[in-house]
Chemist: 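Structure in structure tokens, see below.
Lettering of chains follows the sequences in order, A, B, ..., and the numbering in each one begins at 1.
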There are 2 protein chains.
Amino acid sequence: MLSPLIQKLGIRFRLSDHDRTALQQVNGRIVSVGAHQDLIEEGEASDHVTFIRSGFACRYRILPDGERAIIAYLVPGDACDLYAPLLGRMDHAVATLTRCDVAVVSRQDLGMLTSDHPSIADALHVSDLVDEAISREWLVSMGRRSAEKQIAHLLCELLARLQVVGLATSDSYEFPITQADLADASGLSVVHTNRVLQTLRAEGLVVLRHKNLFIPNLNRLHAFAGFDTNYLHLPPTSNHPARMQFKSDPVRLQ
Amino acid sequence: MLSPLIQKLGIRFRLSDHDRTALQQVNGRIVSVGAHQDLIEEGEASDHVTFIRSGFACRYRILPDGERAIIAYLVPGDACDLYAPLLGRMDHAVATLTRCDVAVVSRQDLGMLTSDHPSIADALHVSDLVDEAISREWLVSMGRRSAEKQIAHLLCELLARLQVVGLATSDSYEFPITQADLADASGLSVVHTNRVLQTLRAEGLVVLRHKNLFIPNLNRLHAFAGFDTNYLHLPPTSNHPARMQFKSDPVRLQ
DNA sequence: CGACTAATTGAGCCCACTCAACACTTGTGG
DNA sequence: CCACAAGTGTTGAGTGGGCTCAATTAGTCG
């Protein structure tokens, strides 16, 4: 039911076998949702929690002029509305970007789980704090990185996050996100997003084909984007095979 | 010691007199810090928590090219590093923007306080969730609002946040933040920040003089910025005298 | 008063936007 | 299985918001 979540929690927080078993036995219902469907609407206050099991989703807001701003990407293992009741109502919406399987768990069940297993509560809290760090990093990107570096940075982030849940190899992952959805997450226009991607491809920083992203030289992409995994708070022991590559010259555009 | 914090917690969460007394009796030391000084450095892992008692501070990151990105403004009542130990080390730094008084409390004392008073722990958690919502709103601003609207929005947000801790009237507050610090928080250049402020003044949306901000017509500014307090999760009963004003025509630039 | 910091102004440029057309994919129903 | 529609990606041309560089004018504070 919650397998990618368990994987994610286990990476940043020590869980006992007892905790794991409890997590594995959580019951809820699995729902399959098509691409570009709302999972949670703004203003909602539901009595269940939604987790992404497969596919990509996003948090977003619609502005008065109809523009959409994507505030976060959600990948398998991410919760959509974990602490929503503490705040009362959702101040933003959540929608799928691709076809998704989501797990819907009752808040009551989850509450019992976390009170019986305080370390699960802590682990969930930690992963929320990481989400917060990710928001901050997006702010850094939007504020002070060029469009090219911003998107490169995002692609690095997704690689790391997908590796955590076993959905990426050391240098590639499935990337079914639309350029329009990338644009709304980067604060760019669709046209410019397209051109930025072309530049990254032309520089040989990424190979993007058939909804699949391959990174020929991760060190080079990291150096270009100014990417530093610190903010994701992954354990140092985590295996990052790509880190073993030779260091290469930094890339400069123009 | 923590009076603005107590005010802030009390607004969004019901605290018993018992809780309040406990909060009032927290001890720690008060430190006075000059403007533009680091309070917490990136990578730090300290055994105490720092709260802003007076003045403005910010969270920030420095990029490889030396640029600074301000990720959040901190006002009196805000915590600098509440959950830092859960994540291990700080992934960003905190610095003052003006002269500040900060309260430094040992984590051990705070831990005892929250385990004796679970509702204080919840209240702190809620205010962290609001900080998260603020980050998301900043992302919306940077991504999809014009420079004018972005800064107008920020000024609306500060009004609301300062009202919570009694540092703003219904339509004005002390605004000692430098244009350079505003620029780094908005992702704009200093020069353009200056011009944006001039536009807002020329439109009569704000009066900014002698480090003091006055908003002649809050509804007008709200409408212009597309500002909606929802994301701050203030109680509906909160007194917002300015809301009683007449509705006025929306402002359009150019 | 002098030294520094902060705010302002001008000029020229470029990154990113808009509008608009076109090509390629994907999916669906006849 | 094809035809068409819708969605997605790509390209060109022209514009403008926001940038940089550089200099000047306030403020602030010892």
Chemist: Distance check needed: C:dA16 P versus A:E148 CD, whole Å only.
Modeler: 6 Å
Chemist: Nearest-Å distance, CD1 (B:I177) to P (D:dG27)?
Modeler: 20 Å
Chemist: Under 4.0 angstrom, heavy atoms only, what part of the nucleic acid is B:L188 near: base, sugar-phosphate, or nothing?
Modeler: sugar-phosphate
Chemist: Does a donor on one side chain sit under 3.5 Å from an acceptor on the other, for B:D38 and B:Y60?
Modeler: yes
Chemist: Around atom CD of A:Q179, are there more than 12 heavy atoms from other residues, nucleotides or ligands closer than 6.0 Å?
Modeler: yes
Chemist: Which comes earlier along DNA chain D counting from the 5' end, the contact point of A:R144 or that of A:T178, where each point is its nearest nucleotide?
Modeler: A:T178
Chemist: Rounded to the nearest Å, what distance is computed from the CD atom of residue B:Q198 to the P atom of nucleotide D:dT25?
Modeler: 16 Å
Chemist: Quiz question: going by heavy-atom distance under 3.5 Å, is there a donor-acceptor pair between the base of D:dG17 and the side chain of B:R195?
Modeler: no
Chemist: Can you check the B:H192 NE2 to C:dC15 C1' distance for me, whole Å?
Modeler: 13 Å
Chemist: What's the closest nucleotide to the B:S189 side chain, out of D:dC19, C:dT18, C:dA7?
Modeler: D:dC19
Chemist: Just to be sure I understand the rule, does B:R201 reach a base, reach only the sugar-phosphate, or reach nothing, if contact means heavy atoms closer than 4.0 Å?
Modeler: sugar-phosphate
Chemist: C:dA7 phosphate, OP1 or OP2: any side-chain N/O from B:N194 under 4.0 angstrom?
Modeler: no
Chemist: Rounding to a whole Å, what distance do you find between A:I151:CD1 and D:dG9:C1'?
Modeler: 14 Å
Chemist: Would you mind reading off the distance between B:K149 atom NZ and D:dG17 atom C1', rounded to a whole angstrom?
Modeler: 15 Å
Chemist: Would you mind reading off the distance between A:D184 atom CG and D:dT8 atom P, rounded to a whole angstrom?
Modeler: 12 Å
Chemist: In whole angstrom, what separates A:Q150's CD from C:dC15's P?
Modeler: 16 Å
Chemist: Select base, sugar-phosphate, or nothing to describe what B:V191 touches, counting heavy atoms under 4.0 Å on all strands.
Modeler: base
Chemist: Closer than 4.0 angstrom, basic N to acidic O: yes or no for A:R144 and B:D65?
Modeler: no
Chemist: Do A:W138 and A:E157 pair up side chain to side chain, a donor and an acceptor below 3.5 Å, judged on atom types alone?
Modeler: yes
Chemist: Would B:H92 and B:R61 count as having a side-chain donor-acceptor pair, cut-off 3.5 Å?
Modeler: no
Chemist: Which residue, A:E67 or B:A180, contacts DNA chain C at a nucleotide closer to its 5' end, judged by nearest heavy atom?
Modeler: B:A180
Chemist: With sugar-phosphate meaning primed atoms plus P, OP1 and OP2, does A:H36 contact a base, only sugar-phosphate, or nothing at under 4.0 Å between heavy atoms?
Modeler: sugar-phosphate
